[in-house]
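All remarks here apply to the structure that follows.
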Number of protein chains: 2
Amino acid sequence: MNGDDPEAVREDVIESMERSAEVYGLSRSAGRVYGVLYFSTGPLSIPELVEETGYAKSTISNVTRKLTRIGLVQRRSSSGGGRRVRFAPETDLWFVVQDVFQQYLAREMTSAQRSLDRALDRLESEDNQEGTADRDRIEDLQETYGDLQRLLELATEHSTTELIEAIEQYDG
Amino acid sequence: MNGDDPEAVREDVIESMERSAEVYGLSRSAGRVYGVLYFSTGPLSIPELVEETGYAKSTISNVTRKLTRIGLVQRRSSSGGGRRVRFAPETDLWFVVQDVFQQYLAREMTSAQRSLDRALDRLESEDNQEGTADRDRIEDLQETYGDLQRLLELATEHSTTELIEAIEQYDG
DNA sequence: ATGTTTGTTCGGAATGAACCGAACAAAGTG
DNA sequence: CACTTTGTTCGGTTCATTCCGAACAAACAT
């Protein structure tokens with residue numbers, strides 16, 4: 001028995017998750033909530049998360065909603081038992097990333113593309129120097145965005161291993 | 001000549017860029033500065049950007065530094081001419097994304113992996129139930145992270161068109 | 001030198017995010 | 001029907017970010 005205390009080890013990993021969360025634009029508390037859920041035996045209710053994390057009930061309520069929206073945790077509405085709402089971690093992180101791609105990035109990109117389309121329409125019959133220069137730039141941008149959009153679309157349609165395999169095969 | 005005023009059209013596209021910037025975690029001003037540079041004939045100095053954007057000199061100074069760090073604009077230190085520093089937009093957006101992948105995501109991932117490695121070491125000789133359960137979870141996480149890391153690595157080594165082609169070929 | 005132009009840095013105001021505690025609504029339990 | 005347990009919402013505090021203007025430092029021009 002020369003191993004460390006499991007609880008302390010868990011705590012360290014969860015702290016690492018807190019730091020990761022910040023990098024990905026989430027709050028520290030979101031990282032901790034996910035971490036606690038990740039190591040939990042079963043889904044946890046809000047009071048249980050309060051107990052485990054030390055955060056206020058209201059914070060847990062808000063954070064779990066945000067994490068649910070992103071797809072990092074699932075709401076298991078246990079219709080039966082005493083406690084009502086319970087949260088479980090989504091462990092397939094690539095699935096979460098795909099969701100974010102579709103929900104946020106894809107939305108942003110189509111919105112941007114719409115702007116560019118409209119702009120090109122309005123420049124259609126501008127044949128002075130200024131107009132054509134702008135048109136070229138906008139068309140360039142549109143092409144770049146199109147490529148990124150296509151790539152994102154393909155990425156959301158495959159698993160990580162499929163993507164890795166595809167590229168490795170491509171490389172020969 | 002039924003086209004719109006080019007300046008108004010440019011303004012609309014730049015406003016779209018401002019919105020995009022916010023989605024990607026940048027400030028509104030960053031989006032505008034990039035947009036102005038994107039449509040400019042040549043690189044612009046800080047006073048010129050002040051003139052074009054309406055932002056204060058200090059804001060432009062800070063924003064250009066941030067954009068340069070990310071790789072969205074380049075510092076063209078024109079050693080010769082009157083004005084000293086000039087900024088040009090990086091138009092290869094995929095290149096910028098790759099840079100962010102390497103600078104921020106890859107760093108975050110290796111850091112997280114280190115935490116997981118250390119945690120596994122410390123749990124090595126825990127053979128009670130709690131310890132083994134934690135170990136399994138951490139190993140799962142490590143594998144997921146490894147895949148994501150590998151995928152990121154491959155993505156930074158190829159252009160968008162290469163990646164698209166690779167996946168499309170893979171799909172048959 | 002003296003003055004002007006360019007860029008960075010500093011302090012402060014305004015805005016937004018994270019978190020807390022308290023008040024509240026809803027739904028079970030006695 | 002009280003009473004408790006659970007979850008959401010609201011107001012307030014603290015802290016970080018964004019932006020401004022002013023002070024400053026460095027380079028250039030006269």
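Heavy atoms only: backbone and side chains are in, while hydrogens, waters and symmetry mates are out. Below, chains carry the letters A, B, ... as their sequence lines are ordered, and counting in each starts from 1. The structure displayed is predicted, hence computed values, not measured ones.
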Quiz item: Nearest-Å distance, CD1 (A:Ile46) to C1' (C:dA27)?
Solution: 15 Å
Quiz item: Is there a donor-acceptor pair closer than 3.5 Å between any side-chain N or O of A:Glu90 and the backbone N or O of A:Asp92?
Solution: yes
Practice problem: Could you encode protein contacts along nucleotides 12-17 of chain D as a string, one character per nucleotide from 5' to 3', using B for base contact, S for sugar-phosphate-only contact and - for no contact, with a heavy-atom cut-off of under 4.0 Å? | Solution: ------
Quiz item: Does A:Ser40 offer a backbone N or O that forms a donor-acceptor pair with the side chain of B:Arg137 under 3.5 Å?
Solution: yes
Quiz item: Hey, is the main chain of A:Thr110 close enough, under 3.5 Å, to the side chain of A:Arg114 for a donor-acceptor pair?
Solution: no
Self-check item: Sidechain-backbone polar pair: A:Trp94 side chain, A:His158 backbone, donor-acceptor under 3.5 Å
Solution: yes
Self-check item: Shortest side-chain distance from B:Arg84, nucleotide among D:dG7, C:dC19, C:dG7
Solution: C:dG7
Practice problem: Could you identify which residues of residues 56-63 of chain A place a heavy atom less than 4.0 Å from some atom of DNA chain C, listed by residue number, or say none? | Solution: A:Ala56, A:Ser58, A:Thr59
Practice problem: When you get a sec, tell me which of D:dT18, D:dG7, C:dC20 is the closest nucleotide to the side chain of A:Tyr55? | Solution: C:dC20
Quiz item: Backbone N or O of A:Leu120 within a donor-acceptor pair of the A:Arg135 side chain at under 3.5 Å?
Solution: no
Self-check item: Any donor-acceptor pair under 3.5 Å from A:Ser16 side chain to A:Asp12 backbone
Solution: no
Quiz item: Side-chain N or O of A:Arg28 less than 4.0 angstrom from OP1 or OP2 on C:dA17?
Solution: no
Practice problem: Rounded to the nearest angstrom, tell me the gap between atom CG in A:Leu49 and atom P in C:dC19. | Solution: 14 Å
Quiz item: What are the two closest non-hydrogen atoms of A:Ala155 and A:Phe101, and how far apart are they?
Solution: CB-CE1, 4.4 Å
Quiz prompt | A:Thr144 side-chain N/O to A:Asp140 backbone N/O, donor-acceptor pair under 3.5 Å | solution = yes
Exercise. Find the distance B:Arg69:CZ to C:dT8:P and express it as a whole number of Å.
Key: 13 Å
